[in-house]
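For the single chain, residues carry numbers from 1 onward in sequence order. The basis for the numbers below is simple: all heavy atoms, side chains too, and nothing from hydrogens, waters or symmetry mates. No experiment lies behind these values; they were computed from the predicted model shown.
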Amino acid sequence: MKIQSIRGMNDILPDDSAKWQYVEHHLAEILSSYGYREIRFPILEQSELFNRTIGSVTDIIEKEMYSFYDRNGDNLSLRPEGTAGCVRASIQNGLLHNQSQRLWYIGPMFRHERPQKGRLRQFHQLGAEAFGLAGPDIDAEILIMTARFWRRLGIESTIKLQINTLGELEDRVRYRSELVSFLNDHRDLLDDDSRRRLSSNPMRILDSKNPSVQSLLSDAPELTDYLGDSSRDHFDQVSSLLDSANIDYQTNPRLVRGLDYYSRTVFEWVTDSLGAQGTVCGGGRFDRLVEQVGGKACQGIGFSIGLERLLLLLDEESAFPDSIRNNLDVYIVAVGNVITEASAIAEELRTACSHLKIERHCGGGTFKAQLKKADKSGARLALILGEDECASQTLGIKYLREKRDQETIDQSRLIEIINNIFG
């Protein structure tokens, strides 16, 4: 019986890895240009970290965490998201003491959900967090930066920004009381999931995907009516900065996000091109989270991008350039007793032309069979070395993607000619 991968934990095969590298390269380059530095932290943490930060009555904690007791009796969990681990690592390593930080990370996250398109049990996120910055300017800058991601990747026309404010904790306490009262009056119109949340996390009902619940919510109290002056002013300034930067957005009063640690500004970048899994990037402020994890008070804001969904969107929009195909540039055909010479030529070429992808044929085989492999590799040209070429210090060049005659060149001119061909 063959051993199969775990359901919802997919392999990324070589033909797809070039797409991942393309996206990761461009996102990392933009993050660096804004002053963000990469941090790497474990995928396995104390379960208490997530219980304390995400919220004990969220779906993640109640139903989706991969948790277990290790041999020492410690309760551990595979990370379901990145912000909590980033905060823990920053506190533990003294990164937040009297200083601001801009950090980014990338890697796998784990949630036990029903696998479907754009939603896996092992999925990958790129996230970024800014610490120690309280003003609306950093909120706006993060949104401007994420807009730059989509422009760089060529999908800005198919992804839209939604923003909201959750206000301060005091604002939400006042609002929650009114919302619960309203929902209790219409309890018979709620679905089972909303009734369950009514006593534990009623604001998450605002994000219900049930059309009948959303219809009911059109008459529900609005959080904006319960905001204090500082919360309202903060959000107005964020909106003004986005307007000045010509960033299109929609204010969505139903946007609450799925994690308990958010406050003030929250946002999502959404698309209609991926069906139900339309949120590609989301985040917001978490001004009390550092204290929850055990650090000193330190404001924060961040976001995460679901990389599987982003790649699906790029595929859907045909936004990947042809140049990222993982084809070879040069395939070296070596026929006869010429292994030593072929290896020396390959290494010389790799040293002089490190930007090229070069494969030397290994394992023997006829000239015809090797040429067939060269063509199948996608290489632009084949270098042909046999015993006659070794004796005359020459090489054959066969153009595999162009209608050009095969050439014979002196080995001493190889680097010059290859540089001319590939620019």
More than 12 heavy atoms from other groups under 6.0 Å of NE2 on H26 | yes

pair I384-L395: side-chain heavy atoms closer than 4.5 Å | no

May I ask you to decide whether R350 forms a salt bridge with E347, counting only side-chain N to carboxylate O separations under 4.0 Å?
-> yes

How long is the gap from CD on E81 to SG on C86, to the nearest 0.5 Å?
-> 10.0 Å

Do E45 and R88 sit within salt-bridge range, that is, some charged N less than 4.0 Å from a carboxylate O?
-> yes

Should the heavy atoms of other residues, nucleotides or ligands under 6.0 Å from CG of D229 be counted, would the total exceed 12?
-> no

Should we say atom CD1 of I6 is surrounded by more than 12 heavy atoms from elsewhere, each under 6.0 Å from it?
-> no

Side chain to side chain, Q299 and R285, heavy atoms closer than 4.5 Å | yes

Ion pair check, R197 and D193, cut-off under 4.0 Å | yes

E168 with R264: basic N within carboxylate O range, under 4.0 Å = yes

With a cut-off of under 6.0 Å to the ring centre and 45° to the axis, is R380 in cation-pi contact with F422?
-> yes

Between T146 and W269: side-chain donor-acceptor atoms closer than 3.5 Å | yes

Salt-bridge present (K372, D375; N to O < 4.0 Å) = no

Below 4.5 Å, heavy atoms only, C-beta onward: do L349 and L383 meet side chain to side chain?
-> yes

In Å, rounded to the nearest 0.5 Å, how long is the span from OG of S181 to NE2 of H186?
-> 10.0 Å

Inter-residue atom distance L76.CG - F50.CZ, 0.5 Å rounding | 10.0 Å

Rounded distance (nearest 0.5 Å) linking atom CZ of R172 with atom OG of S231 = 8.5 Å

R174 charged N/C atom sitting above Y226 aromatic ring, 6.0 Å / 45° | no

Stepwise side-chain hydrogen bond (donor to acceptor under 3.5 Å, both in side chains) test for Q214 and N210 | CA-CA 6 Å; Q214 279 298 320; N210 187 319; over 6 Å; no

Within residues 27-41 or reaching into it, pairs that qualify as side-chain hydrogen bond (donor to acceptor under 3.5 Å, both in side chains) - sequence neighbours excluded = E29-R152, Y34-R148, R37-Q101, E38-R40

Heavy-atom side-chain proximity of L103 to I39 below 4.5 angstrom = yes

Closest non-hydrogen contact found for G302 with F267 is O-CZ, 3.9 Å

What salt bridge (charged side-chain N to carboxylate O under 4.0 Å, His left out) pairs are there with at least one residue in residues 66-77, not counting sequence neighbours?
-> none

Tell me, do I163 and V266 make a side-chain contact under 4.5 Å, heavy atoms counted?
-> no

Which heavy atom in F182 sits nearest to a heavy atom in D219, and how many Å separate them?
-> CE1-O, 3.5 Å

Show your working on side chain to side chain contact (heavy atoms under 4.5 Å, CB included) between F235 and D233 and close with a plain yes or no.
-> CA-CA 5 Å; F235 189 64; D233 183 60; over 6 Å; no

Closest non-hydrogen contact found for P136 with V238 is CB-CG2, 3.5 Å

For S273 and L313, work out which heavy atoms get closest and say how close.
-> CB-CD1, 3.7 Å

Would you please test D329 and H355 for side-chain hydrogen bond (donor to acceptor under 3.5 Å, both in side chains) and show each step?
-> CA-CA 10 Å; D329 296 303; H355 60 293; over 6 Å; no

Would you please test R111 and E113 for salt bridge (Lys or Arg N to Asp or Glu O under 4.0 Å) and show each step?
-> CA-CA 6 Å; R111 298 183 191 176; E113 302 181 277; 5.0 Å; no

Counting heavy atoms not belonging to I339, are there more than 12 under 6.0 Å from its CD1?
-> no

What's the verdict on side chain to side chain contact (heavy atoms under 4.5 Å, CB included) for Y175 and D225, showing C-alpha distance, side-chain angles and the deciding distance?
-> CA-CA 8 Å; Y175 173 63; D225 295 334; over 6 Å; no

Heavy-atom nearest pair, D315 first then K19, reads OD1-NZ, 2.9 Å

Considering only heavy atoms from C-beta outward, does the side chain of K160 approach that of D248 to under 4.5 Å?
-> no

Side chain to side chain contact (heavy atoms under 4.5 Å, CB included) evaluation trace for K373 with H361 | CA-CA 9 Å; K373 273 194 92 170; H361 182 85; 3.8 Å; yes

Lys/Arg N to Asp/Glu carboxylate O, E316 vs R309, below 4.0 Å = no

Do S67 and N75 have side chains that get closer than 4.5 Å, going by heavy atoms?
-> yes

Nearest heavy-atom contact between K296 and V290 is O-CG1, 3.3 Å

Do the side-chain N and O atoms of S194 and D191 include a donor-acceptor pair separated by under 3.5 angstrom?
-> yes

Any L255 side-chain heavy atom under 4.5 Å of E268 side chain | yes

V23/L311 under side chain to side chain contact (heavy atoms under 4.5 Å, CB included): CA gap, chis, key distance, verdict = CA-CA 8 Å; V23 168; L311 268 75; 3.9 Å; yes

Is D185 atom CG crowded by more than 12 heavy atoms from other residues, nucleotides or ligands, each under 6.0 Å away?
-> yes

Listed pairs under 3.5 Å, donor-acceptor, residues 122-129 side chains, sequence neighbours left out:
from	atom 1	to	atom 2	distance (Å)
H124	ND1	E308	OE2	2.7
E129	OE2	T83	OG1	2.8
E129	OE2	Y105	OH	2.6

Point-to-point distance, once rounded to the nearest 0.5 Å, from CG of L289 to CD1 of I91 = 7.5 Å

Does E348 come within less than 4.0 Å of R360, counting only side-chain N to carboxylate O?
-> no

Which distance, rounded to the nearest 0.5 Å, do you find between the CD1 of I421 and the CG of L356?
-> 10.0 Å

Report the relative orientation of the aromatic rings in F286 and Y261; use parallel for angles under 30°, tilted for 30 to 60°, perpendicular for over 60°.
-> perpendicular

Indicate whether any N or O donor in one side chain lies under 3.5 Å from an N or O acceptor in the other, for D243 and Y249.
-> yes

